[in-house]
Structure formats: structure tokens, C-alpha cells
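The structure appears below as C-alpha cells.
Residue numbers start from 1 in every chain, and the chains themselves are labelled A, B, ... in the order their sequence lines are given, proteins ahead of strands. Side-chain atoms are counted along with the backbone in the values below, which use heavy atoms only and exclude waters and symmetry mates.
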Amino acid sequence: MAAFPSASPSPAISASTWRMGSLRAALPTLRPSPAGRLRSSFAPAAAATAASVGCLGSFSGLAPVSNLLSLGAENSSFEQRLFSVDARGRIVAMRHGRRVPKLNRPPDQRKALLRGLTTQLLKHGRIKTTRPRAKAMRKYVEKMITLAKDGSLHKRRQALAFIYEKHVVHALFAEVADRYGEREGGYTRIIPTFPRRGDNAPMAYIELV
Amino acid sequence: MAAHVDPLVMGRVIGDVVDLFVQTVPMSVRFGIRDLTNGCEIKPSIAVDPPAVQIAGRASDLFTLVMTDPDAPSPSEPSLREMLQWLVVNIPGGADPSQGQVVVPYMGPRPTVAIHRYVLTLFQQKAPMNPPPALAPGSDAARVRFTTRAFSERHQLGLPVAAMYFNAQKEPVSRRRNCGGCSTTSAGRWA
């Protein structure tokens with residue numbers, strides 16, 4: 001992706017320095033910012049971002065390393081990060097072998113957190129929390145709904161052992177048949193939203209379908 | 001999430017409230033200085049007054065604006081599905097709803113439990129509508145169980161031309177507990 005119609009000083013220089021435009025063009029298309037989404041829901045948005053990138057391409061003095069870092073940092077919130085930084089500070093771009101989301105907590109606290117979140121979701125129907133927590137919660141919420149679908153006394157007691165409030169369990173067991181009777185799995189939905197103000201944590205709404 | 005999922009589909013507004021449509025008329029909604037985007041969070045305290053809605057279009061077009069809450073009384077049990085918050089008809093294009101005829105006066109979001117979605121739907125009218133007399137402010141009971149689809153079918157409005165939704169939840173009441181005297185008395189008891 002090195003060929004460009006714009007004036008390049010010499011072939012040697014253009015081969016070594018990366019242009020912002022070529023970097024952006026090589027990436028999958030990124031979503032436009034949410035504020036602009038309203039006016040330009042279809043094609044005009046893509047044209048506007050392409051035009052702004054074209055004038056950025058003239059800054060060939062930028063070192064390629066800073067391009068990459070700024071690309072990962074500036075496109076935060078809605079777009080997929082190119083890489084992530086784990087709790088130890090190491091940069092990892094893959095999820096190989098990771099089975100359990102640890103949520104930066106010891107196991108007892110983690111279980112308590114998930115129990116609390118599940119209780120609240122089943123009680124209110126829609127809650128707003130951080131995206132990793134919402135994704136971790138899905139498994140437990142769907143497990144509870146599956147227990148309720150079964151409906152026997154043993155399953156009810158198992159649900160009572162997990163959910164903190166017993167009226168929530170009884171209400172769930174009463175209404176799950178007509179609500180999720182035909183649906184096989186997939187009882188929750190996660191909708192990402194704007195990041196939190198204090199720490200820029202990516203937030204999401206999780207709701208019962 | 002690389003795919004561009006329309007936020008209205010993501011928030012299940014298309015499906016719960018309206019059918020799939022193509023937005024043809026740009027609409028912008030503003031509460032005070034806060035511009036709305038799909039799915040943003042608005043506090044009920046700033047949404048007490050009707051928002052400033054700017055509708056593009058020629059002055060000869062007439063629009064109908066419907067604002068409903070599809071999660072009444074609670075998103076896990078929407079038994080009163082679609083509580084009507086606001087209904088304005090005969091809005092000329094390029095203006096805001098104050099130039100139209102208010103059928104149902106604006107009621108600010110009042111989410112009792114959990115997080116509710118509030119959907120603003122815009123329909124284009126083929127002919128000027130003759131609305132019934134405006135609803136009295138006290139009759140909240142008449143607003144429930146409204147269906148936007150049935151409304152548009154009854155008045156032949158067809159598919160909406162624009163839609164927007166935002167979220168609102170009950171603001172926590174800040175409790176100030178005066179603990180200046182409590183600690184000294186409890187310490188005295190333990191000693």
C-alpha cells in the first residue's frame with residue numbers, strides 16, 4: 001500500500017516512513033463517532049472521514065511507532081482496540097487459552113460480584129455496568145433462567161442458593177415459562193454505550209431479551 | 001464488533017416499537033445543550049421540559065412526532081408496554097413541534113424501576129390530520145398500552161421516517177446522614 005498519487009520526495013524516503021493514510025486504509029473500516037452518526041447514517045460518513053485522513057497523510061514526518069500507539073489509544077470506546085494491556089502491564093492482542101474472566105478480583109469476591117449482578121439483572125431487567133462484567137455475567141444469568149425453566153424443587157433450591165433475594169427467584173420461576181418458553185438460550189443482550197466519566201471504563205447495558 | 005449494527009436495531013427499538021425502516025428525514029433532538037444520540041443516558045431532571053426537535057424538510061410537509069416509553073413499568077415486565085409521553089401532529093417541515101398541534105402534552109421521563117428506553121418516532125403525514133382535543137394534563141391512565149404501530153396504521157402514516165431513542169433511569173436521592181453525633185455515642189456505649 002505504498003503507492004500514492006500525492007507528491008513523495010523520493011522512493012527511499014516513502015518506503016521507510018509510513019503514511020497515516022496508508023495505515024488507516026489497511027485497517028478494517030472503523031465506525032464513525034457516535035455524535036456524527038445521527039446526521040450521516042449512511043454513505044456520507046465514510047466520505048467525510050476519508051477526506052480528513054487525506055490531509056493527515058501529508059504529515060510524513062511522524063515516526064511509525066507513534067502512529068501505532070496513537071492509533072490504539074485514540075480510537076477508544078466504541079471501536080475494537082488493536083491490542084489491549086492486561087493487569088500486569090503486558091501488551092496482549094489475543095485471548096489464547098483464557099477460559100475464565102477474572103475481573104481483577106480474588107475468587108470469593110468474583111463469585112459475590114457475579115451473584116450480585118445476576119440478582120440485580122433479574123430484578124430490574126436492564127442494568128448498566130462495565131463491558132467485561134456484562135460479558136462475564138451472561139453465563140450465570142442464563143444458567144439461572146435455565147434452572148427456572150426446569151422448575152423442579154431441587155432446581156429452585158439451587159437458584160435460591162445463588163441469587164441473593166428469594167422473591168426474585170420466586171418471581172423468575174413463575175414467569176419464565178411464558179417469557180422464555182420457546183427461546184432456546186440467548187436470554188440476554190449486551191448493548192455497548194459511552195464510557196464512564198471517572199475512569200473511561202467501557203460501559204454496556206445488559207438486558208433480558 | 002466490526003459490523004455496523006444500526007443502534008436502533010441494537011437497542012431493539014426496531015422490533016419492539018416500530019418496524020424496519022429507512023431514515024429519510026434528518027431529525028435532531030436536544031435537551032437544553034445536550035444533543036441526543038441513540039442510546040445515550042439522560043437524567044429525568046433535565047428532561048422535564050420538552051426537547052428542542054429540529055426536523056428537516058420543506059414547509060409543505062407535515063410530520064407527526066410520537067414519544068413513547070416501551071419499558072413501562074419495568075423492562076423485565078413491560079405490562080403497560082408503550083406509555084405515551086408526547087404526541088404532536090401537523091408539524092410543518094423545518095420547524096419544531098411547538099408549531100404543531102399537541103394532542104397529548106409532554107410528560108417527562110419517569111422511570112420507576114431500572115433503565116427505560118424512551119423512543120421518539122417521526123412519521124410523515126400525507127394530509128393534515130384532525131386531532132381530537134388535547135388530553136387533560138391529569139389523565140395519566142389514558143397514556144398506557146399505546147402501540148405506535150397501531151397508531152400509524154389507524155391514521156395511514158406508514159413507516160416512520162426517523163426515530164431516536166435514549167435511556168433514562170431514576171436518579172438516586174442523595175441521603176445525607178449526619179454522623180457527627182452517632183460515632184461518639186456508640187463509642188461511649190462500647191466503653
Just do the salt bridge (charged side-chain N to carboxylate O under 4.0 Å, His left out) check on A:K128 and B:E41 with the steps written out, would you?
CA-CA 10 Å; A:K128 180 173 170 184; B:E41 176 104 13; 3.5 Å; yes
Just checking [X]: does its [atom1] atom have more than 12 heavy atoms from other residues, nucleotides or ligands closer to it than 6.0 angstrom?
X      : atom1 : answer
A:R157 : CZ    : no
B:R149 : CZ    : yes
A:N104 : CG    : no

B:G39 to A:Y205 - nearest heavy-atom pair and separation
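Closest approach of B:G39 to A:Y205, heavy atoms only: O-CE1, 4.1 Å.
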If the test is side chain to side chain contact (heavy atoms under 4.5 Å, CB included), which one of A:R126, A:K123, A:H124 qualifies with B:V113?
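Of all the options given, the one that passes is A:H124.
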Please classify the contact of A:E175 with chain B as side chain, backbone, both or neither, using a heavy-atom distance under 4.5 Å.
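Contact with chain B: side chain only.
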Rounded to the nearest 0.5 Å, what separation is found between the CG atom of B:N167 and the CD atom of A:E207?
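The CD atom of A:E207 is 8.5 Å from CG of B:N167, to the nearest 0.5 Å.
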Taking atom CD1 of A:I191 and atom CZ of B:R117, what is their separation to the nearest 0.5 Å?
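Output value for this atom pair is 7.5 Å.
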